[in-house]
Amino acid sequence: MRETDRAEAGRWLARHGLTEAEPSSLIAMRLAVRRRAKVADSALLAAYLMGAALTHVLALPADAFPSRLPLLALAALVIALLVAQWLLAAWVRRADRRAGAQLSQRVAHPVQLGWAAVLGRPYAVFTVATFTGALLLALSVLPVADPTLRNGAIVVLIGLAGAATGTVLQLRQVLASPAVAEDAASLTADVIMRVEDARALMTPSLVWSLPAIFLYGDSLGWWNAVSLALIVAGAIALYLIHGRTTGVATAARRALTT
């Protein structure tokens, strides 16, 4: 275990009020894996956005490519991003299982933690509202007499279905995974990591970008304004939820008490 990882674990514990806990190798290793996964996820999203922008630029000359080819390329980017995100989450879970298998003694939660205790209702409502808004927008442009726009709406619907399925399955894994802890401090840290993992899943970066990237036609329309409005309204709502809901450490301790 690198000293930088151990020092970062000490700062993480202090930030969450676990000043009496030692930055053990178990906690430091789990946090290091999560940090690297977050960096990789951010890089994947940036690569997706750059790939989408490049696809649009290459498709600007009307006669350069068939009309469906850019949409197929964008759809492939969405699928690749969803698969890569799923593999990252699986990598984190495998690291947790390996860490748990090496423990000489292991403690567990007395009961399985539910989604309301780990995630919280405000984040759940926000996620459902975000997906619903993007879904209704995609459905509303299907009757528009523009084949490019209709094809883009179909890709958005497919992408939303994949993103929603991936979010539900990953959240289920976060909730159902056994605790990786050897004492009371590492058990509390385990629940805090669960809360952080669950809330990170609720950041709808892909859902925000899908309508803005795919819902374009021969000319600008009301759908473009609505796509941008969804991003702005969603960002403001997420900021307010972050600021007004219970902090991660408090939510974790409340879940443990429950």
Side-chain angles (χ1 to χ4, degrees), residues 32-62 64-97 126-128 130-139 141-142 147-174 177 196-217 223-224 227-228 230-231 234-235 238:
V33 171
R34 279 164 169 77
R35 283 197 307 275
R36 295 178 184 118
K38 289 179 181 177
V39 172
D41 184 68
S42 299
L44 285 172
L45 183 61
Y48 162 72
L49 294 176
M50 289 188 293
L54 181 61
T55 302
H56 279 307
V57 170
L58 293 177
L60 282 179
F65 297 100
S67 59
R68 292 182 180 271
L69 188 57
L71 283 172
L72 291 175
L74 290 170
L77 285 174
V78 174
I79 295 172
L81 177 61
L82 290 172
V83 172
Q85 288 178 332
W86 176 262
L87 292 176
L88 276 178
W91 174 54
V92 173
R93 302 301 160 216
R94 284 196 303 271
D96 283 349
R97 286 196 296 268
F126 167 76
T127 304
V128 173
T130 302
F131 274 90
T132 302
L135 175 65
L136 292 177
L137 176 58
L139 291 174
V141 300
L142 284 177
T148 302
L149 188 60
R150 287 199 303 269
N151 291 335
I154 293 173
V155 175
V156 170
L157 293 174
I158 296 174
L160 289 175
T165 303
T167 299
V168 171
L169 292 178
Q170 289 184 50
L171 181 60
R172 181 179 178 276
Q173 285 188 343
V174 169
S177 297
E196 287 184 335
D197 291 346
R199 292 186 177 183
L201 283 173
M202 299 303 109
T203 304
S205 303
L206 179 60
V207 179
W208 283 341
S209 65
L210 282 174
I213 291 175
F214 285 95
L215 298 185
Y216 65 93
W223 49 86
N224 302 110
S227 298
L228 295 177
L230 286 176
I231 297 175
L238 187 59

If you define the side chain from C-beta out and look only at heavy atoms, does anything of V174 sit under 4.5 Å from E196? no
For residues G152 and L215, report the shortest heavy-atom separation together with the two atoms involved. C-CD2, 4.1 Å
What closest approach, in Å, do F126 and M202 show between heavy atoms, and which atom pair accounts for it? CE2-O, 3.6 Å
Could you tabulate the donor-acceptor pairs under 3.5 Å formed by side-chain atoms of residues 160-169, not counting sequence neighbours?
| unit_1 | atom_1 | unit_2 | atom_2 | d |
| --- | --- | --- | --- | --- |
| T165 | OG1 | A161 | O | 2.8 |
| T167 | OG1 | A163 | O | 2.8 |

Salt bridge (charged side-chain N to carboxylate O under 4.0 Å, His left out) partners for R199, two or more places apart: none
Any idea which heavy atoms bring V78 and G159 closest together, and the distance? CG1-CA, 4.1 Å
Separation of L139 CG from I154 CD1 (nearest 0.5 Å): 10.5 Å
Might you point out which heavy atoms bring Y48 and L77 nearest each other, and give the distance in Å? CD1-CB, 3.8 Å
For R35, does the CZ atom have more than 12 heavy-atom neighbours from other residues, nucleotides or ligands under 6.0 Å away? yes
State the CD-CG distance between Q173 and D197, to the nearest 0.5 angstrom. 11.0 Å
I'd like to know whether W208 forms a side-chain contact (heavy atoms from CB on, under 4.5 Å) with L238, so could you lay out the CA-CA distance, the side-chain angles of the two residues, the decisive distance to 0.1 Å, and finally the verdict. CA-CA 12 Å; W208 283 341; L238 187 59; 4.1 Å; yes
What's the spacing between L49 CG and S205 OG if we round to 0.5 Å? 8.5 Å
Euclidean distance, L210 CG relative to F131 CZ, rounded to 0.5 Å: 9.0 Å
Taking all atoms of both residues into account, what is the closest heavy-atom pair of T130 and V207, and its distance? CG2-CG1, 3.8 Å
So, for R150 and V141, which heavy atoms are closest and what is the spacing to 0.1 Å? CG-O, 4.3 Å
Kindly compute the distance separating CG (L206) from CG (L82), expressed to the nearest 0.5 Å. 5.5 Å
CG of L230 to CG of L136: how many Å apart, nearest 0.5 Å? 9.5 Å
Quick note, side-chain hydrogen bond (donor to acceptor under 3.5 Å, both in side chains) partners involving residues 69-89, not counting sequence neighbours, are D41-Q85
